[in-house]
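As C-alpha cells, the structure follows; a few thoughts come after it.
Only this structure's heavy atoms are used, side chains among them; waters, hydrogens and symmetry mates stay out. Numbered from 1 within each chain, the chains take letters A, B, ... in sequence-line order.
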Amino acid sequence: MRKITGAQAFIEALRCEGVTHAFGYPGGAVLDIFDAIMDARDIQFILSRHEQGAVHAADGYARASGRVGVCLVTSGPGATNTVTGIATAYMDSIPIVVFTGQVPTHLIGNDAFQEADIVGITRPCTKHNYLVKDVCDLGRVIKEAFYIARTGRPGPVLVDLPKDVMKSTVNFKYPDSLSLESYCPTYKGHPGQIRRIMGLILKSRHPVIYAGGGVTLAGASKELSDFARRLQLPVTTTLMGMGAFPSGDPLSLGMLGMHGTYAANMTVTNSDCLIAIGARFDDRVTGKVDEFAPKAKIIHIDIDPTSISKNVKVDLPVVGDCRMVLRGMLAELAGKDAELAEMLSQTASWRSEIEVWKEQQPLRYCKSEIVKPQYVIEMIDEIAPDDTIITTEVGQNQMWTAQFYKFNEPRLFLTSGGLGTMGYGFPAAIGAQVAFPGRTVIDIAGDGSIQMNIQELATAVQYDLPVKVMILNNGYLGMVRQWQSLFYKKRYSHTSMAVSPDFVKLAEAYGAKGLRVTRPEDVKDAIREALRIPGPVIVDFVVDPEEDVYPMVPAGAPINNMLLV
Amino acid sequence: MRHAISVYVDNQAGVLSRVVGLFSGRGFNIESLSVAPTLDPAKSLMVITTTGNEQVLEQIKKQLNKLINVIKVVDCADRDYVEREMILVKIKAEKETRAEVLRIADIFRAKVIDVSPKSYTLSLTGDKSKLEGFVEILTPIGIIDFVRTGTVVMEREMQGRRKLP
Ligand SMILES: Cc1ncc(C[n+]2csc(CCOP(=O)(O)OP(=O)(O)O)c2C)c(N)n1
Ligand SMILES: [Mg+2]
C-alpha cells in the first residue's frame with residue numbers, strides 16, 4: 001500500500017463508488033480536494049454558479065438516473081448554501097452525498113474564518129451526517145455515506161472534511177464491506193401480513209391504489225402496473241408518484257389531493273379499501289385528515305416504519321420494499337382465480353362509477369386569445385419526445401405540469417414535492433442533462449422561480465448542456481396570488497413581479513438562445529424551434545396573468561370539497 | 001401516559017444531540033433524561049422518560065430506531081421493570097429541626113452525606129413517587145438546594161412478579 005493524501009484518498013473512494021460526475025464549487029477549505037480532482041480525468045466535475053445549484057443538480061442527476069448524486073463545496077458559506085438543496089432532497093427521499101470542506105480540526109469550535117457547524121445545521125435535514133476527524137476513518141465514512149444514501153428509504157448524507165485531514169497522508173484501502181450494526185432496512189414484507197392484505201383487497205368492492213414516490217424509488221412501477229391491471233384497480237398517484245403508473249392507462253385517475261383530479265378525490269373519498277404504496281399521507285394529499293377516505297380500510301406499504309400511522313391510522317401495514325411486497329402480493333393470487341373473478345365482477349360497477357366522475361369533471365381550462373399556460377404544457381407534451389425529462393419550479397407551473405403533462409414512465413418528472421423549493425427545477429434539469437446528455441430535458445418554470453437560480457444558465461452554456469427552460473410568464477408569484485385571490489379578497493400583497501428581466505436578452509447575455517411567445521398560434525412553433533436549437537434555450541411564454549389552478553381543495557378541507565373551474 | 005424508554009446508542013460525539021434534536025424537532029416531550037456509557041464503552045444507554053398517547057409513543061420509538069446511531073430501543077411499558085432516580089437535598093437543620101430531619105431521613109432510608117452547623121445534605125434513591133413524597137415532607141422545613149437525576153430503569157428478571165416496596 002502506498003501513502004496518499006486524504007484528498008487523493010477521497011478521489012479514490014469516489015472511484016470505488018463508481019462516481020462519474022460531481023457538482024460543486026471550490027473554496028479555501030477544499031483546495032486540496034480540488035487539486036486532486038484536476039488529475040481525476042474519469043470524474044467529470046461540473047462547476048455550478050451557486051452551491052444551491054450544485055446540490056439541486058446532484059439531486060436532479062439522482063432522480064433521473066437512480067444513481068447517487070455527488071456534490072462538493074467549501075466550508076462556511078459554501079456549506080450553508082447547500083442547506084436548501086439538502087432539505088429538498090431529504091423531503092423527497094433522494095440519494096445524494098454532499099461533501100463540505102471544514103476548517104482544520106484544531107480550529108473547529110474557535111469561530112475560525114469560514115467555519116460553520118454544518119453537521120449541527122444539517123442534522124435534522126439529512127438521513128445521516130459525519131465529521132471526519134481522522135484520515136484513517138475516511139474510507140469507512142465515505143462507504144457508509146453512499147450506502148446509507150441509497151439503501152432503505154434513500155436520502156441525503158453529508159460528510160464534513162476538515163482541511164488538515166485532507167492534507168494528511170494515509171495508507172489507503174477502500175473497505176470491501178461495512179458493518180452498520182444499527183442500520184438494517186426491512187426489504188421483505190411480512191408474509192402473513194401480505195396474505196391478510198390480499199384477503200382484504202379481494203373482498204373489497206370499492207378499492208383504489210394511492211401510489212407515491214416510493215414506487216419510483218423502489219423501481220416498482222412495472223410491478224405496480226401488473227398488479228393494478230391484474231385486479232383492475234384504479235390508481236391515483238401523488239405528485240412524487242407521477243409516472244410510476246402510466247397516465248395513459250384507463251385505470252389511471254391522475255393526481256389526488258389539493259390540486260388533484262375530481263375523479264381521484266371522489267374515488268378516494270368513496271373507497272372501502274385504500275391501498276397506499278410508497279406514499280406518506282402528506283397534508284397536501286389528505287386535506288382534512290379525519291375525513292380522508294372515511295369509509296376505507298387502509299393498507300399501507302412502505303419501507304419506512306415511521307411513515308406508517310404517522311398522519312392517518314393504518315389498518316393493515318406492511319414494512320418493506322414496494323417492489324418486493326408487490327411481487328409477494330401478486331404471488332398470493334396463485335390458485336385464487338375464482339376469488340379474483342368474483343372480485344372483478346363485483347367491482348365492475350365501481351369502475352363505471354369512476355368513469356362517470358372522470359367524464360363529469362375532466363381537467364379543463366378555457367381557451368382564449370391570450371396564451372393559456374395549460375395549453376403550453378399540452379403542446380410540450382405533444383411535441384417533446386417520449387423520453388423527455390421534465391422538471392418544474394414551484395407554484396402554478398408545477399401543478400399545471402402535473403395535471404396536463406401525461407407521464408407514462410417513472411423518472412421523467414423531477415419536482416420538489418415535499419419542500420416545494422422554488423429554484424429547484426433549472427439546476428435539477430442541468431443535473432438530469434448531465435446524466436442523459438442525449439435526451440431532451442425541459443424545465444417548466446415560473447417567472448418568479450426561475451430567477452432564484454437563473455445564474456445556472458452559465459453552467460448550462462459552459463458544459464454544453466442543452467436544457468430548455470419554458471417560462472410560463474404570468475407576471476406574478478402566481479400560486480400565492482391565487483390564494484390571495486381566493487382567500488384574501490384579492491389583496492395582492494407583494495405577489496406582482498412588477499420588474500423582471502427581459503428573459504430573451506438575459507438568455508443572450510449568458511450566451512444561450514431566447515425566444516418569446518405572445519400568441520397561442522405561435523406556441524407550437526416556438527417549442528419545436530427550442531428543441532431544434534442545439535444549446536440551452538429560454539422560451540418566455542407570456543401567459544394569462546390571472547389563470548388559476550383547478551380543481552382546488554382549500555387548505556384543511558376534505559378532499560371531496562373541490563373548487564372547480 | 002408516562003413512559004420510560006431505554007435507548008442504546010453508539011457512544012460518539014453528536015449522538016445525544018441527534019436524539020434530543022429529534023424530540024424538539026418533532027414536538028415530542030422529554031421529562032427526564034439520563035445518559036452514561038454501558039459496560040461496553042463503545043455504547044451508551046440513554047433512559048428517556050416521556051409522555052404522550054399511544055400513537056405519539058409509537059412514533060417516538062420508530063423515529064428513534066430510524067436514527068443511524070441508535071442500536072436498540074426498549075419501551076419499559078411493555079415489560080416489568082424497576083425504576084430508580086436519585087436526589088440530593090440540602091436542608092436547613094437548626095437546633096429545633098436537626099433531630100426531625102434525621103428522623104425523616106431514617107424513615108425514607110436517606111443518607112446524610114454532608115453536615116454543617118446549619119444544614120444537612122441528604123441523598124435518596126427511589127422511584128419517582130417515593131422521592132416526591134420525601135420532598136413534600138421536607139419542604140416546610142426549608143430546602144436550601146436541590147438536585148435530581150433522570151430516571152434509570154432495568155427490566156425485572158422474573159416478569160410478572162409483584163413489585164417490591
Ligand atoms: C424558496 C421559496 N420561497 C417561497 C415560496 C412560496 N411560493 C410558493 S409558489 C410561489 C410563487 C411562484 O411563482 P412563479 O415561480 O412565478 O410560479 P407561478 O405560480 O406563477 O407559476 C411562492 C412565492 C416557495 N415555494 N419557495
Ligand atoms: Mg409566475
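- Residues Gln55(B) and Lys313(A) are not in side-chain contact: their nearest non-hydrogen atoms beyond the backbone lie 4.5 Å or more apart.
- Minimum heavy-atom separation, Ile308(A) to Gln59(B): O-NE2, 3.9 Å.
- Interface remark: of the candidates Ile71(B), Leu22(B), Asn65(B), Ile71(B) forms the most heavy-atom pairs closer than 4.5 Å to chain A.
- For a residue to count as touching a neighbouring chain, one of its non-hydrogen atoms must lie under 4.5 Å from one of that chain's; by this rule Pro124(A) does not touch chain B.
- Each of Lys61(B), Lys43(B), Arg26(B), Glu58(B) has some count of heavy-atom pairs under 4.5 Å with chain A, and the biggest count is that of Lys43(B).
- Of the two parts of Asn129(A), the backbone and the side chain both hold a non-hydrogen atom closer than 4.5 Å to a non-hydrogen atom of chain B.
- For Asn110(A), the CG atom is densely surrounded, since the number of other residues' heavy atoms within 6.0 Å is greater than 12.
- Interface summary for chain B: among His128(A), Lys133(A), Glu144(A), the most heavy-atom pairs under 4.5 angstrom belong to His128(A).
- Other residues, nucleotides and ligands place no more than 12 heavy atoms under 6.0 Å from the NZ atom of Lys92(B).
- Counting only heavy atoms from C-beta outward, the side chains of Glu181(A) and Asn69(B) never approach each other to under 4.5 Å.
- Pairing each heavy atom of Asp10(B) with each of Ser182(A), the nearest pair is OD2-OG, 4.3 Å.
- Here the straight-line distance linking atom CD1 of Ile68(B) with atom OG1 of Thr126(A) works out to 9.5 Å at 0.5 Å rounding.
- A 6.0 Å sphere centred on NZ of Lys297(A) holds no more than 12 heavy atoms belonging to other residues, nucleotides or ligands.
- Taking a 6.0 Å sphere around CD of Glu96(B), one finds it holds more than 12 heavy atoms contributed by other residues, nucleotides or ligands.
- Ser17(B) has its side chain within reach of Arg123(A): a pair of non-hydrogen atoms, C-beta onward, lies under 4.5 Å apart.
- Other residues, nucleotides and ligands contribute at most 12 non-hydrogen atoms within 6.0 Å of the NZ atom of Lys90(B).
- With rounding to the nearest 0.5 angstrom, the NZ atom of Lys127(A) is 12.0 Å from the CG atom of Leu67(B).
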